[in-house]
Amino acid sequence: MEYRRLGSTGLQLSALSYGAWVTFGRQVGRSDARELIALAYDHGVNFFDNAETYNAGDAERLMGDVIADLRLPRDAYCVSSKVYFGAVTDPKPTQRGLSRKHVFDACHQALERLRVDYLDLYFCHRPDPDTPVVETVWAMDTLVRQGKVLYWGTSEWPAELIEEAHRVARDNHLVAPSMEQPQYNLLHRDRVEREYASLYENYGMGSTIWSPLASGLLTGKYNDGVPDDSRLGRAGNEWLRDALLEDDGARLKTVRALAPIAAELGLPLARFALAWCLKNPHVSTVILGASKKAQLEENLKALDAVKLLDDAVMRKIEAALKPL
Ligand code: NDP
């Protein structure tokens, strides 16, 4: 495993980490979750990503249960939560958003579900148009000073709002956000590469990127239709299937254009796509989302493939992505 600093912080995260989104508590039950976390940890993964909203808190409960059962030493791994969407299906006004009230309640609830005394990383899952940024920054600062959160950050915030959070923190001597959690993959690059370009240098922001395989599109498994036992084929995920596949075939066309480049390097498409994410030096950690042991074993090999992506290969990739 390779370890990378989370932006300008001193925290060393494994370059490949592991998340629980639509898998833990739904697709992945307890014994599989235990096996997957153990496998990741044994391969050097030290960051496990979660959120209050993932399966209405069940993903955090399951992860907390499994990590406790595995007796992972608390000083050897990091765990995150995210606040904004709420942990119940139909949240009341105080059970969602980024008000001081919900940021506090959500933190305490996540600590309980994950069975830890502090969260290593705590994210504002989306911007909240109904809460002033200054209120959220104060709330996060307080949690850090109370020892309940070590590093706080944002997820999918526009760059100007992140800058505002930094200004508020600087003017009031508060703890500033250390990291963003944006989507980043071969089919979705703009925010990480362009919109956030100045944030890495100016504020030392790190990034913990999500959906590195675009929910599996970048494995090639959807090229000939949607398999029943896949993420996009599962009941309840229709919204995600529509969001990713209702584009007149544009994404799949790009996936097909990338496949020969991976094949030429002798790499499975998934490993190639993950290596491409890892090659970006602004990526602190790539959060994997495997639902099966064989997938995780395969994906954990991606670090070895980064060296194959030389300038000539990167030029070929750019050419294949052009039509997007
Ligand atoms: P990916 O894009 O890597 O998608 C993971 C899914 O792709 C798996 O569950 C599996 O689905 C399929 N897959 C993975 N590897 C393989 C393989 N080798 N061969 C075939 N299929 C494979 O990651 P996620 O979308 O899960 O995102 C990763 C993490 O990021 C999440 O778990 C979560 O922690 C975080 N996240 C954060 C968000 C945010 O807003 N901050 C939003 C979304 C995710 P299947 O087997 O079911 O087909």
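Atoms within a ligand are numbered from 1 in the order they appear, just like the ligands themselves. Throughout, residue positions are numbered sequentially from 1 according to the sequence presented. Computed from a predicted model, the values in this text were never measured in an experiment.
Summary of contacts: the protein heavy atom closest to atom 19 (N) of ligand 1 is Thr219 CG2, 3.8 Å. Closest to atom 10 (C) of ligand 1, if we only count protein heavy atoms, is Gln295 OE1, 3.4 Å. Of the protein's non-hydrogen atoms, Trp210 CE3, 3.1 Å is the one closest to atom 43 (C) of ligand 1. Among protein heavy atoms, the minimum distance from atom 31 (C) of ligand 1 is reached at Trp21 CB, 3.4 Å. Among all non-hydrogen protein atoms, the one lying nearest atom 25 (O) of ligand 1 is Ser211 OG, 2.5 Å. The single protein non-hydrogen atom nearest to atom 46 (O) of ligand 1 is Ser291 OG, 2.7 Å, given as residue, atom name and distance. The nearest heavy-atom contact from the protein to atom 28 (C) of ligand 1 is Ile287 O, 3.2 Å.
The two residues Asn280 and Arg4 make their nearest non-hydrogen contact at O-NH1, 3.7 Å. Listed here is the closest heavy atom pair of Ala15 and Leu278: O-CD2, 3.6 Å. The minimum heavy-atom distance linking Ala51 with His125 is given by the pair CB-CE1, 3.7 Å. Between Tyr84 and Leu98 the shortest heavy-atom distance is CD1-CG, 4.1 Å. Between Thr23 and Ser291, the shortest heavy-atom distance links the atoms CG2-CB, 4.0 Å.
For Glu156, the closest heavy-atom approach to ligand 1 does not fall below 4.0 Å. Assignment of His125 to the shell around ligand 1 is supported, since a heavy atom sits closer than 4.0 Å. Residue-ligand proximity: Tyr54 is placed with a non-hydrogen atom under 4.0 Å from ligand 1.
With a 4.0 Å cut-off on non-hydrogen atoms, Gln27 touches ligand 1 through its side chain and not its backbone. Both the backbone and the side chain of Leu213 come within contact range of ligand 1, each with a heavy atom under 4.0 Å. Counting heavy atoms closer than 4.0 Å to ligand 1, residue Asn299 contributes side-chain atoms (C-beta onward) but none from N, CA, C or O. Residue contacts with ligand 1, taken as heavy atom pairs separated by less than 4.0 Å, do not involve Ala51 at all. By the criterion of a heavy-atom distance under 4.0 Å, the backbone of Ala214, and not its side chain, is placed next to ligand 1.
For Asp248, the CG atom sits in a loose shell: 12 or fewer heavy atoms of surrounding residues, nucleotides or ligands are nearer than 6.0 Å. Around NZ of Lys292, the count of heavy atoms belonging to other residues, nucleotides or ligands within 6.0 Å exceeds 12. Within a 6.0 Å sphere centred on CG of Asp228, other residues, nucleotides and ligands contribute 12 heavy atoms or fewer. When the shell of 6.0 Å around CG of Asp171 is examined, it contains more than 12 heavy atoms from other residues, nucleotides or ligands. Other residues, nucleotides and ligands contribute only 12 or fewer heavy atoms inside 6.0 Å of the CD atom of Glu112. Atom CG of Asp311 is surrounded by 12 or fewer heavy atoms from other residues, nucleotides or ligands within 6.0 Å.
Between Leu288 and ligand 1, no N or O atom pair is found at a separation short of 3.5 Å. Inclusion of Ala290 in the set of residues having an N or O under 3.5 Å from an N or O of ligand 1 is not warranted. Between Asp49 and ligand 1, at least one pair of N/O atoms sits closer than 3.5 Å. Ligand 1 has no N or O atom lying under 3.5 Å from any N or O atom of Ser230, backbone or side chain. By the 3.5 Å distance cut-off applied to N or O atoms, Gly289 is counted among the residues near ligand 1. Considering backbone and side-chain atoms alike, Lys82 places every N or O at 3.5 Å or more from each N or O of ligand 1. By the 3.5 Å distance cut-off applied to N or O atoms, Ala270 is not counted among the residues near ligand 1. Backbone and side-chain nitrogen or oxygen atoms of Arg234 are examined, and none is located within less than 3.5 angstrom of a nitrogen or oxygen of ligand 1. Checking only distances, Thr23 never comes within under 3.5 Å of ligand 1, N or O to N or O. By the 3.5 Å distance cut-off applied to N or O atoms, Lys221 is counted among the residues near ligand 1.
Taking every non-hydrogen atom of Lys292 and a distance limit under 4.0 Å, the qualifying atoms of ligand 1 come out as 46 (O). Set against the non-hydrogen atoms of Pro212, the atoms of ligand 1 under 4.0 Å away are 1 (P), 2 (O), 3 (O), 23 (O). Ligand-side atoms of ligand 1 in range of Gln181: 35 (C), 36 (N), 37 (C), 38 (C), 39 (C), 41 (N), range being under 4.0 angstrom from any heavy atom. Every atom of ligand 1 is numbered from 1 in the order shown, and the set under 4.0 Å from a heavy atom of Gly216 is 4 (O), 7 (O). Each of the following atoms of ligand 1 lies closer than 4.0 Å to a heavy atom of Gly19: 32 (O), 34 (O). Taking every heavy atom of Ser215 and a limit of under 4.0 angstrom, the matching atoms of ligand 1 come to 1 (P), 2 (O), 4 (O), 7 (O), 25 (O).
In this structure, the side chains of Leu6 and Ser284 come closer than 4.5 Å at one or more pairs of heavy atoms. At least one side-chain heavy atom of Val103 sits less than 4.5 Å from a side-chain heavy atom of Tyr122. Side-chain contact between Val22 and Arg231: present, with at least one pair of heavy atoms (C-beta onward) separated by less than 4.5 Å.
With hydrophobic clusters built from ILVMFWY side chains whose heavy atoms lie under 4.5 angstrom apart, Trp21 does not share a cluster with Phe123.
Of the listed residues (Glu297, Arg126, Lys301, Arg231), the one carrying the non-hydrogen atom nearest atom 26 (O) of ligand 1 is Arg231.
The pair Asp304-Lys301 does not meet the salt-bridge criterion, since no charged nitrogen lies less than 4.0 angstrom from a carboxylate oxygen. Remark: Glu35 engages Lys293 in a salt bridge, criterion side-chain N to carboxylate O under 4.0 Å. Salt bridge annotation for Asp229-Arg234: absent, with no cationic side-chain nitrogen under 4.0 angstrom from a carboxylate oxygen.
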